[in-house]
Amino acid sequence: NKYRIYFEKDSARYFLKTQVNGLLFDFEDEVPEIKWNLSDEKKIINEFEVKKATTKLFGKNWTAWYAEDIAVPYGPYKFHGLPGLILEINDEKNNFHYKVSSVVKDTTNYPIHKKYNAVNSKRIEFENAIKAYKNNPEKINMRTGDDPQKDAEAFEKRKLELKSKNNSIEKGLQFDL
(Lines give C-alpha, C1' and ligand atoms only; values in the text may rest on other atoms or scores of the structure.)
Protein backbone atom coordinates (compact mmCIF):
# COMPACT_ATOMS: atom_id res chain seq x y z
CA ASN A 1 0.00 0.00 0.00
CA LYS A 2 1.12 3.48 -0.73
CA TYR A 3 -1.18 5.09 1.82
CA ARG A 4 -2.29 4.59 5.39
CA ILE A 5 -5.45 5.95 6.94
CA TYR A 6 -5.78 6.39 10.69
CA PHE A 7 -9.31 7.00 11.96
CA GLU A 8 -9.56 8.83 15.23
CA LYS A 9 -12.19 6.95 17.24
CA ASP A 10 -15.35 8.93 18.00
CA SER A 11 -14.17 11.79 15.83
CA ALA A 12 -15.10 13.24 12.47
CA ARG A 13 -11.53 13.25 11.19
CA TYR A 14 -8.83 10.94 10.03
CA PHE A 15 -5.14 11.20 9.26
CA LEU A 16 -3.72 10.07 5.96
CA LYS A 17 -0.07 9.26 5.25
CA THR A 18 0.93 8.87 1.63
CA GLN A 19 3.42 9.93 -1.03
CA VAL A 20 3.73 11.24 -4.55
CA ASN A 21 6.78 9.76 -6.23
CA GLY A 22 8.71 9.58 -2.98
CA LEU A 23 7.58 12.92 -1.51
CA LEU A 24 5.82 12.24 1.80
CA PHE A 25 2.52 13.83 2.75
CA ASP A 26 0.70 13.55 6.08
CA PHE A 27 -2.57 15.41 6.33
CA GLU A 28 -5.80 15.56 8.26
CA ASP A 29 -9.14 15.34 6.49
CA GLU A 30 -12.81 15.01 7.36
CA VAL A 31 -14.40 11.58 7.59
CA PRO A 32 -17.12 11.47 4.94
CA GLU A 33 -20.68 11.10 6.19
CA ILE A 34 -22.09 7.89 4.75
CA LYS A 35 -25.81 7.18 4.63
CA TRP A 36 -26.20 3.42 4.32
CA ASN A 37 -29.31 1.61 3.10
CA LEU A 38 -29.42 -1.68 5.01
CA SER A 39 -30.88 -4.81 3.41
CA ASP A 40 -31.94 -8.19 4.78
CA GLU A 41 -30.04 -9.91 1.95
CA LYS A 42 -27.34 -12.24 3.29
CA LYS A 43 -24.48 -14.41 2.08
CA ILE A 44 -21.38 -16.11 3.46
CA ILE A 45 -17.84 -14.70 3.19
CA ASN A 46 -15.00 -16.61 4.84
CA GLU A 47 -17.43 -18.50 7.10
CA PHE A 48 -19.08 -15.26 8.27
CA GLU A 49 -22.70 -14.46 7.60
CA VAL A 50 -22.74 -10.99 6.10
CA LYS A 51 -25.50 -8.56 5.31
CA LYS A 52 -25.82 -6.23 2.36
CA ALA A 53 -25.77 -2.43 2.52
CA THR A 54 -25.68 0.15 -0.26
CA THR A 55 -24.70 3.79 -0.46
CA LYS A 56 -23.64 6.55 -2.83
CA LEU A 57 -20.26 8.08 -2.08
CA PHE A 58 -17.56 9.82 -4.13
CA GLY A 59 -20.00 9.97 -7.07
CA LYS A 60 -20.35 6.17 -7.23
CA ASN A 61 -22.91 3.63 -6.05
CA TRP A 62 -21.43 1.05 -3.66
CA THR A 63 -22.52 -2.35 -2.36
CA ALA A 64 -21.01 -3.49 0.91
CA TRP A 65 -21.22 -6.79 2.79
CA TYR A 66 -20.62 -6.51 6.53
CA ALA A 67 -20.35 -9.01 9.39
CA GLU A 68 -22.37 -8.09 12.47
CA ASP A 69 -20.44 -10.80 14.35
CA ILE A 70 -17.36 -8.58 14.08
CA ALA A 71 -18.55 -5.44 15.86
CA VAL A 72 -16.09 -3.03 14.26
CA PRO A 73 -17.67 -0.22 12.21
CA TYR A 74 -14.86 0.06 9.65
CA GLY A 75 -13.86 -1.23 6.25
CA PRO A 76 -11.37 -0.52 3.50
CA TYR A 77 -10.36 2.99 2.49
CA LYS A 78 -12.74 5.49 4.15
CA PHE A 79 -15.78 3.25 4.35
CA HIS A 80 -17.26 3.08 7.85
CA GLY A 81 -20.44 3.33 9.87
CA LEU A 82 -22.02 -0.10 9.46
CA PRO A 83 -22.91 -2.30 12.46
CA GLY A 84 -20.05 -4.67 11.64
CA LEU A 85 -16.78 -5.00 9.77
CA ILE A 86 -17.04 -4.57 6.00
CA LEU A 87 -15.69 -7.77 4.45
CA GLU A 88 -16.46 -6.88 0.83
CA ILE A 89 -17.31 -3.69 -1.03
CA ASN A 90 -17.43 -2.72 -4.69
CA ASP A 91 -18.73 0.07 -6.89
CA GLU A 92 -21.48 -0.60 -9.42
CA LYS A 93 -19.05 -0.78 -12.36
CA ASN A 94 -16.71 -3.04 -10.38
CA ASN A 95 -13.80 -0.67 -11.02
CA PHE A 96 -13.08 -0.95 -7.29
CA HIS A 97 -13.60 -4.23 -5.47
CA TYR A 98 -12.23 -4.97 -2.03
CA LYS A 99 -12.73 -8.39 -0.47
CA VAL A 100 -11.22 -9.74 2.71
CA SER A 101 -8.82 -12.64 2.17
CA SER A 102 -8.84 -13.82 5.79
CA VAL A 103 -9.97 -12.81 9.24
CA VAL A 104 -7.73 -13.59 12.20
CA LYS A 105 -8.43 -12.65 15.80
CA ASP A 106 -5.27 -11.06 17.10
CA THR A 107 -4.96 -10.30 20.81
CA THR A 108 -1.53 -8.71 20.54
CA ASN A 109 -1.26 -5.24 22.02
CA TYR A 110 0.35 -3.14 19.33
CA PRO A 111 1.90 0.15 20.38
CA ILE A 112 0.16 3.15 18.90
CA HIS A 113 2.57 5.23 16.88
CA LYS A 114 2.61 8.47 18.84
CA LYS A 115 3.03 10.62 15.75
CA TYR A 116 0.30 9.00 13.67
CA ASN A 117 -1.48 12.32 13.64
CA ALA A 118 1.51 14.53 12.85
CA VAL A 119 0.27 16.83 10.12
CA ASN A 120 2.92 18.28 7.83
CA SER A 121 0.77 19.25 4.85
CA LYS A 122 -2.76 19.91 3.70
CA ARG A 123 -4.96 17.89 1.39
CA ILE A 124 -4.82 20.62 -1.26
CA GLU A 125 -1.01 20.42 -1.26
CA PHE A 126 -1.23 16.68 -1.89
CA GLU A 127 -3.76 17.19 -4.70
CA ASN A 128 -1.51 19.86 -6.25
CA ALA A 129 1.51 17.56 -6.04
CA ILE A 130 -0.45 14.85 -7.89
CA LYS A 131 -1.39 17.29 -10.67
CA ALA A 132 2.14 18.69 -10.94
CA TYR A 133 3.73 15.25 -11.09
CA LYS A 134 1.27 13.98 -13.70
CA ASN A 135 1.88 17.07 -15.83
CA ASN A 136 5.66 16.90 -15.56
CA PRO A 137 7.16 13.75 -14.03
CA GLU A 138 10.58 14.77 -15.36
CA LYS A 139 10.66 17.68 -12.95
CA ILE A 140 11.11 15.32 -10.03
CA ASN A 141 13.33 12.45 -11.15
CA MET A 142 13.11 11.34 -14.77
CA ARG A 143 16.59 12.39 -15.89
CA THR A 144 19.50 10.04 -16.03
CA GLY A 145 21.75 12.71 -17.48
CA ASP A 146 23.52 10.16 -19.65
CA ASP A 147 21.44 10.29 -22.80
CA PRO A 148 19.02 13.17 -23.56
CA GLN A 149 17.13 11.05 -26.11
CA LYS A 150 16.60 8.22 -23.60
CA ASP A 151 15.56 10.78 -21.00
CA ALA A 152 12.98 12.25 -23.42
CA GLU A 153 11.66 8.75 -24.26
CA ALA A 154 11.42 7.84 -20.58
CA PHE A 155 9.62 11.12 -19.90
CA GLU A 156 7.02 10.52 -22.62
CA LYS A 157 6.52 6.91 -21.54
CA ARG A 158 5.98 7.98 -17.92
CA LYS A 159 3.53 10.71 -18.94
CA LEU A 160 1.47 8.12 -20.84
CA GLU A 161 1.53 5.76 -17.85
CA LEU A 162 0.38 8.54 -15.54
CA LYS A 163 -2.33 9.63 -17.96
CA SER A 164 -3.76 6.10 -17.86
CA LYS A 165 -3.90 6.23 -14.05
CA ASN A 166 -6.93 8.44 -13.83
CA ASN A 167 -9.44 6.21 -12.09
CA SER A 168 -9.36 7.09 -8.41
CA ILE A 169 -12.02 6.37 -5.82
CA GLU A 170 -12.17 9.96 -4.69
CA LYS A 171 -11.75 13.00 -6.92
CA GLY A 172 -8.37 14.62 -6.39
CA LEU A 173 -6.80 11.76 -4.44
CA GLN A 174 -4.69 9.17 -6.18
CA PHE A 175 -2.28 6.79 -4.50
CA ASP A 176 -0.59 4.71 -7.19
CA LEU A 177 1.88 7.25 -8.57
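Heavy-atom basis, side chains included; hydrogens, waters and symmetry copies ignored. Since the structure is predicted, the reported quantities are computational estimates derived from the model, not experimental observations.
To the nearest 0.5 Å, atom CG of residue Asp91 and atom CZ of residue Phe58 are 12.0 Å apart.
Using the six-membered ring where Trp is involved, Trp62 and Phe96 have ring planes that are tilted, between 30° and 60° apart. Using cut-offs of 30° and 60° for the angle between ring planes, the Trp36 and Phe79 rings count as tilted.
Taking every heavy atom of both residues into account, Thr55 and Ile34 meet most closely at OG1-CG2, 3.4 Å. Minimum interatomic distance between Pro76 and Ile89 (heavy atoms only, all atoms of both residues): CG-CG2, 3.6 Å.
Annotation: side chain of Ile86 is not in contact with side chain of Val100 (no heavy-atom distance under 4.5 Å). Between Val103 and Leu87, some side-chain heavy-atom pair lies under the 4.5 Å cut-off. Side-chain atoms of Thr54 and Ser39, non-hydrogen and from C-beta on, never get closer than 4.5 Å to each other.
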Below 3.5 Å, can you tabulate the donor-acceptor pairs from side chains in residues 64-71 to any protein atom, sequence neighbours excluded?
| unit_1 | atom_1 | unit_2 | atom_2 | d |
| --- | --- | --- | --- | --- |
| Glu68 | OE1 | Lys51 | NZ | 3.2 |

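Taking Lys52 as the reference, Glu41 meet the salt bridge (charged side-chain N to carboxylate O under 4.0 Å, His left out) condition, with sequence neighbours excluded. Shown here are the side-chain contact (heavy atoms from CB on, under 4.5 Å) partners of Asn90, two or more places apart in sequence or in another chain: Thr63, Asn94, His97. Every side chain to side chain donor-acceptor pair (under 3.5 Å) that Glu92 has, sequence neighbours left out, goes to Asn61. Checked against salt bridge (charged side-chain N to carboxylate O under 4.0 Å, His left out), Lys99 has no partners two or more places apart in sequence or in another chain. Annotation: salt bridge (charged side-chain N to carboxylate O under 4.0 Å, His left out) contacts of Lys35 (sequence neighbours excluded): Glu33. Scanning for side chain to side chain donor-acceptor pair (under 3.5 Å) contacts around Lys43 gives Glu88, with sequence neighbours left out.
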